[in-house]
2 protein chains.
Amino acid sequence: MNSMFENELNYSANKYRTPDGAPTDIVIFTILSKEKNKVKKSLPSRELYVMLIQRNIWPYERKWALPGGFTRETETVYSCAERELKEETGVDLAHLEYFNVYSDPGRDPRGWIISHAFLALVNENVLENRRAAVDASEVRLYTVNEALSLDLAFDHRQILQDALQRIRQRMLTTTIAKEFLPEEFTIGELYQVIQTVVPEFEEKNFIRKITSTQSRKGIIEEVKDRNGSLELSNRYSQRAAQLYRFTDLEPQLSIYS
Amino acid sequence: MNSMFENELNYSANKYRTPDGAPTDIVIFTILSKEKNKVKKSLPSRELYVMLIQRNIWPYERKWALPGGFTRETETVYSCAERELKEETGVDLAHLEYFNVYSDPGRDPRGWIISHAFLALVNENVLENRRAAVDASEVRLYTVNEALSLDLAFDHRQILQDALQRIRQRMLTTTIAKEFLPEEFTIGELYQVIQTVVPEFEEKNFIRKITSTQSRKGIIEEVKDRNGSLELSNRYSQRAAQLYRFTDLEPQLSIYS
DNA sequence: GTAATAGTGTCTTTAAGACATTATATG
DNA sequence: CATATAATGTCTTAAAGACACTATTAC
């Protein structure tokens, strides 16, 4: 079945057992917003969701699992993840990040299968469009807590937990918050997105830290119109708020400075 | 050759090409010290080294490569890396960290081989003992710059570069510096180790930052003897220096606080 | 004394942290 | 005017940054 090592006669034939597959599993996160209050303008409530699919074949038939699939010989595991992400969500350009490999013997009853786990961050707008098109009975968004309370297929509960830890760390140390925000956003929205992913996050003087601290200043900038005057938004508030956008500066953190 | 999917008759036979192996490659870093000055006590000069082995079989015969080997069906890729690390260095308990997967089609002329790259940090004392025992002609420590200037086997130059980037980031955001230091060390040694891995690192008031800043205070602590008086060392200096040790506190960094 | 490393004093500027206050727009 | 969010004022404390200065000990 494996036609390999044909290149060089001298090379010792492959007498070893070889893996039965190198799939990817993708933890696709999104944040859904719900308008809270029709009477007065107010910030929506947001919650973190993860996409699961219900398996219809052995093994773990009927159980919910992470989307994913087998890597082909002609692609990298990253390309495979891109392909699967596109198939499930229709999304081409999302944040897609490799985070771990799962290789416990026995993790898959089909054989010796080493899985490569990715996490993807998808904006709800992009996703909502797609959901209507896809057969909704097999694909669903679950809140992270719901998902963790399910009896997921394979070692997907572990993978989900690891992904969650990773996305929380990334949310605080990189600018991935931008994946969940429009190009231009208010400080309130940014703060809310961070808290949605990292519930224990709290900074009293958030606006000041992010706008006036030397070391952080520069990761976001005020949006101005062509006359140079500041652009405001009152999407979510009575009083219009300053709009910001992320620059392409990535902060360098250090425990020693 | 692959005896799989025997569990369930209904499961569609594995009609797909499967990988020819899932090896690990390990980037083993160490820091070597050279005494600088026999006349006066002074800090040694330190340099970052990486362990390479010279291949003696096809493919890439005679080229230098990262140590590593094929994962077995009965172990995880992490166990495989542990096993290989032990074989090369004799070291059981070192910092060993998975950092990336390499799966470009064609990266290995032997077939479809997906490699899992680890980085290991080993203290020079442990390593020096071992080196005498091992046949030195096939295993060598190269300075990182030397290694990068070699024509390494496979995609190992890329892997080494990625590992280097990762260890630099880890050096500044975690307490892995301890892997290169004795249990008890002086501020001067710590500073030097950081600079060895991250040459551009420079902090004027380093001693004050690390000992008196609220947010950092706590990752290292002064060493005291049983009477509670401070322990000093003059290994490397005329004037004895305070000894410190790492606590088991891991700092949490954030760009938003 | 000189050299080499360790560590402190002092002053200025910047940031953090807490909280009250003001600002703006909606219904 | 009540409400909801945005943003500033003010005061205290902590930390950063610069740099001169003192401390210790081998030779």
Side-chain angles (χ1 to χ4, degrees), chain A residues 33-46 184-193 195 201-220 222-223 229-244 251-257, chain B residues 33-46 184-193 195 201-220 222-223 229-244 251-257:
Chain A
S33 314
K34 271 204 294 278
E35 302 301 322
K36 232 185 340 208
N37 188 342
K38 276 108 221 232
V39 211
K40 305 261 166 133
K41 275 190 185 173
S42 67
L43 280 164
S45 70
R46 293 173 200 256
E184 307 181 348
F185 53 87
T186 66
I187 299 291
E189 288 178 281
L190 171 57
Y191 189 63
Q192 222 195 12
V193 163
Q195 284 200 318
F201 180 80
E202 188 187 325
E203 283 299 322
K204 289 284 168 59
N205 288 335
F206 185 64
I207 184 177
R208 295 185 121 137
K209 285 214 173 159
I210 200 155
T211 56
S212 72
T213 301
Q214 276 293 0
S215 49
R216 275 116 188 136
K217 193 160 42 187
I219 69 172
I220 61 171
E222 294 163 332
V223 179
S229 44
L230 300 168
E231 292 230 54
L232 307 178
S233 154
N234 66 342
R235 256 178 299 187
Y236 297 133
S237 56
Q238 330 299 351
R239 174 174 173 179
Q242 177 61 48
L243 283 171
Y244 290 85
Q252 302 301 313
L253 295 173
S254 163
I255 63 175
Y256 299 116
S257 43
Chain B
S33 313
K34 271 204 294 276
E35 302 301 322
K36 232 186 338 211
N37 188 343
K38 276 107 220 240
V39 211
K40 307 262 165 132
K41 275 191 185 174
S42 67
L43 279 165
S45 71
R46 293 173 201 257
E184 308 180 347
F185 53 86
T186 66
I187 299 292
E189 288 179 281
L190 171 57
Y191 189 64
Q192 221 195 12
V193 163
Q195 285 200 319
F201 180 80
E202 187 185 325
E203 283 300 322
K204 290 283 168 58
N205 288 333
F206 184 65
I207 184 176
R208 296 185 120 136
K209 285 215 171 156
I210 200 154
T211 57
S212 72
T213 301
Q214 277 292 359
S215 49
R216 275 119 188 133
K217 192 160 41 187
I219 69 171
I220 61 171
E222 293 162 333
V223 179
S229 44
L230 300 169
E231 292 230 54
L232 307 179
S233 154
N234 65 343
R235 257 178 298 186
Y236 297 133
S237 56
Q238 330 299 352
R239 174 176 172 176
Q242 177 61 49
L243 284 172
Y244 289 84
Q252 303 300 313
L253 295 174
S254 163
I255 62 174
Y256 299 117
S257 41

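Worth knowing before you read on, the calculation uses all heavy atoms, side chains too, and leaves out hydrogens, waters and symmetry mates.
One donor-acceptor pair, N or O on each side, does fall under 3.5 Å between the base of dA6(C) and the side chain of Arg239(B). Put simply, the side chain of Arg208(A) and the base of dG9(D) share a donor and an acceptor less than 3.5 Å apart.
Of the two residues contacting DNA chain C, namely Thr186(B) and Asn205(B), the nearest-nucleotide position lying further toward the 5' end is that of Thr186(B). Residues Leu243(B) and Ala240(A) both approach DNA chain C. Their nearest nucleotides, taken by heavy-atom distance, put Leu243(B) toward the 5′ side.
To the nearest 0.5 Å, atom CD1 of residue Ile187(B) and atom CZ of residue Arg208(B) are 13.0 Å apart. Separation of atoms CD1 (Ile210(A)) and CD1 (Ile255(B)) is listed at 6.5 Å; rounding is to 0.5 Å. The OH atom of Tyr256(B) sits 12.5 Å away from the OH atom of Tyr191(A) when rounded to the nearest 0.5 Å.
Look at CD on Glu202(B): it is 12 Å from C1' on dG17(D), rounded to the nearest Å. Nucleotide dA6(C) holds its C1' atom 15 Å from the CG atom of Leu190(B), rounded to whole Å. Distance OH (Tyr191(B)) to C1' (dG7(C)): 15 Å, rounded to an integer number of Å. Separating the OH atom of Tyr256(B) from the C1' atom of dA15(C) is a distance of 19 Å, rounded to the nearest angstrom. If you take CD of Gln242(A) and C1' of dT5(D), they are 15 Å apart, rounded to a whole angstrom. What separates CG of Leu232(A) from P of dA6(D) is a distance of 12 Å, to the nearest Å. Between Lys204(B) atom NZ and dA6(C) atom P there is a gap of 18 Å when expressed in whole angstrom units. Put simply, CG on Asn234(B) is 16 Å from C1' on dA3(C), counting in whole angstrom units.
Side chain of Lys209(A), nearest nucleotide from dA16(C), dA23(D), dA6(D): dA16(C). Counting only heavy atoms from C-beta on, Ser237(A) has its side chain closest to dT5(D) among dA18(C), dT5(D), dG17(D). In this structure, of dT8(C), dG7(C), dT8(D), it is dT8(D) that holds the atom nearest to the side chain of Ile207(A). Of the listed nucleotides (dA6(C), dA7(D), dT24(C)), dT24(C) has the atom at the smallest distance from the side chain of Gln238(A).
Checked against side-chain hydrogen bond (donor to acceptor under 3.5 Å, both in side chains), Glu203(B) has the following partners two or more places apart in sequence or in another chain: Lys209(B).
Judged by distance alone, the side chain of Glu231(B) and the main-chain N or O of Gln242(B) form no donor-acceptor pair under 3.5 Å.
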